Visitor: 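Dumping the structure here so I can ask a few things about it.
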Amino acid sequence: MSQVVEHLAELTGYRDRDVLDVTLVGALRDMLRPSCVAIYRSVGDGASARWLTRAKQRADDPAASADPLWAELETLPLLSDYPLRVACMRRAEIISRLPAPGSAAALAVFPVSNEREVVGVLEIDTAHILSPEHVRLVGGILRVYRNFQGLLDYSERDTLTGLLNRKTFDDTFMRSAAALQNSNDDGFGELSERRTTAASHAWLAVIDIDHFKNVNDNFGHLIGDEVLLLLSRLMRTCFRTHDQLYRFGGEEFVVLLRAREASDAAGAFERLRATVAAYAFPQVGHVTESVGFSAVRASDTPSGAFERADKCVYHAKQTGRNRVSSHADLVAQGVFTDGERISDVELF
């Protein structure tokens with residue numbers, strides 16, 4: 001019992017999701033002595049959905065490994081390649097497989113859920129099928145894990161939209177910037193096992209709803225909140241699972257993503273702009289947004305990259321709104337220079 005308590009204390013002692021998954025895997029390895037234990041999360045949609053390894057540790061591994069959060073989806077295994085995991089998620093129940101003839105390994109697959117849905121699985125390979133006591137032990141630990149994830153969501157996410165909040169931005173940004181300093185580093189250090197298939201860069205965009213003050217003034221704040229909520233849903237449909245989406249407050253949003261070329265990043269932001277402009281918001285009608293983006297540099301601070309993107313939003317609003325502005329393009333055009341600053345003026 002003391003060993004379980006110690007592992008639970010360690011499990012809930014971190015505020016980092018990556019470390020939390022690694023700690024969970026390590027705790028189960030120490031308690032059950034399996035040949036392998038791993039957490040897999042479903043990413044992507046439909047037939048193209050994939051398995052992302054959040055943490056995996058074999059009996060003789062000195063430390064857990066994981067896929068980088070920025071991994072290209074096409075490098076990850078398809079959900080359909082692992083039907084036992086898929087069945088576990090769909091049924092939301094534990095599935096056990098006895099050792100196959102000639103095999104010394106049994107397999108137990110547990111659903112991993114958040115407060116709303118099953119999002120992945122925990123897989124445990126053992127020499128013998130897990131005893132009922134061990135199944136209850138793993139189930140109890142997963143409940144603690146789920147509850148703690150819920151607390152992290154509460155502290156890290158915007159209560160209205162469910163997007164990440166401003167408090168989480170600096171840490172994620174610094175990981176991305178650090179990854180750019182070494183092309184062989186994905187920003188997750190020793191946890192990484194699979195690298196991205198091609199060189200990519202990080203891009204930061206600032207998104208501001210045009211004339212949002214008029215929405216609140218003319219329709220009320222409840223309708224304004226509905227616009228913000230619907231916009232956050234449109235953002236989720238336009239970006240990939242591993243792109244980082246934030247609400248900074250009011251009508252201001254931020255996106256941090258990886259793309260190989262500036263044209264790829266511009267295409268993603270233009271897709272969002274066009275999607276929002278074409279959407280008919282209830283009671284309000286059509287709403288537009290101005291977007292500014294910049295490449296993230298290896299030496300960047302969060303405030304430095306944000307200011308460059310914010311300058312581009314300012315320029316987009318000055319030149320007509322409902323458009324995407326690139327910092328590199330505006331510098332090349334001589335609109336402003338890298339060292340130029342603008343005043344903190346909000347345009348509505």
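Keep in mind that what you see is a predicted model, and the values were worked out from it rather than measured. The analysis underlying the following values was restricted to heavy atoms, covering all of them including side chains, and did not include hydrogens, waters or symmetry mates.
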Visitor: Return yes when atom CD of Glu133 has more than 12 non-hydrogen atoms of other residues, nucleotides or ligands closer than 6.0 Å, and no otherwise.
Guide: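 12 or below, so no.
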Visitor: Assess the residue pair Val296 and Leu256 against the criterion (side-chain contact (heavy atoms from CB on, under 4.5 Å)); give the C-alpha distance rounded to whole Å, side-chain angles, the decisive distance to 0.1 Å, and a yes or no.
Guide: CA-CA 9 Å; Val296 175; Leu256 186 61; 4.1 Å; yes
Visitor: Hey, does Ile124 have a side-chain heavy atom less than 4.5 Å from the side chain of His134?
Guide: no
Visitor: Using 30° and 60° as the class limits, which term best fits the ring planes of Phe169 and Phe173: parallel, tilted or perpendicular?
Guide: tilted
Visitor: side-chain hydrogen bond (donor to acceptor under 3.5 Å, both in side chains), that's the test. Do Asp208 and Ser290 meet it? Break it down for me.
Guide: CA-CA 5 Å; Asp208 194 277; Ser290 297; over 6 Å; no
Visitor: Strictly distance-based, threshold 3.5 Å: is any side-chain N or O of Lys167 a donor or acceptor partner for the main-chain N or O of Ser155?
Guide: yes
Visitor: Does any non-hydrogen side-chain atom of Asp300 lie less than 4.5 Å from one of Ser294?
Guide: no
Visitor: Can you run down the ring-ring contact (aromatic ring centres under 6.0 Å, His included) pairs that involve residues 21-44, sequence neighbours left out, and say none if there aren't any?
Guide: none
Visitor: Going by distance alone, is a donor N or O of one side chain under 3.5 Å from an acceptor N or O of the other, for Thr288 and Asp210?
Guide: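 Thr288 vs Asp210: donor-acceptor pair found between side chains.
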Visitor: Do side-chain atoms of Asp158 reach the backbone of Leu163 as a donor and acceptor pair under 3.5 angstrom?
Guide: no
Visitor: Pairs under 3.5 angstrom only: tabulate donor-acceptor contacts from the side chains of residues 264-271 to other protein residues two or more places apart or in another chain.
Guide:
residue, atom, partner, partner atom, Å
Asp264, OD2, Glu261, N, 3.3
Glu270, OE1, Arg273, NE, 3.2
Glu270, OE2, Arg273, NE, 3.0
Glu270, OE2, Arg273, NH2, 2.6
Arg271, NE, Cys238, O, 3.3
Arg271, NH2, Cys238, O, 2.9

Visitor: Compare all side-chain heavy atoms of Phe253 with those of Leu228 and state whether any distance is below 4.5 angstrom.
Guide: yes
Visitor: Are side-chain heavy atoms of Leu79 and Trp51 found at a separation under 4.5 Å?
Guide: yes
Visitor: Within 45° of the axis and under 6.0 Å from the centre of the six-membered ring of Phe306, does NZ or CZ of Arg166 qualify?
Guide: yes
Visitor: Check whether any side-chain heavy atom of Glu289 lies under 4.5 Å from a side-chain heavy atom of Leu272, and answer yes or no.
Guide: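 Glu289 reaches Leu272 side chain to side chain.
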Visitor: If we only count heavy atoms from C-beta on, is the Ser232 to Arg247 side-chain gap below 4.5 Å?
Guide: no
Visitor: Could you go through the salt bridge (charged side-chain N to carboxylate O under 4.0 Å, His left out) check for Asp21 and Arg41 one step at a time?
Guide: CA-CA 11 Å; Asp21 288 341; Arg41 183 174 289 261; 5.4 Å; no
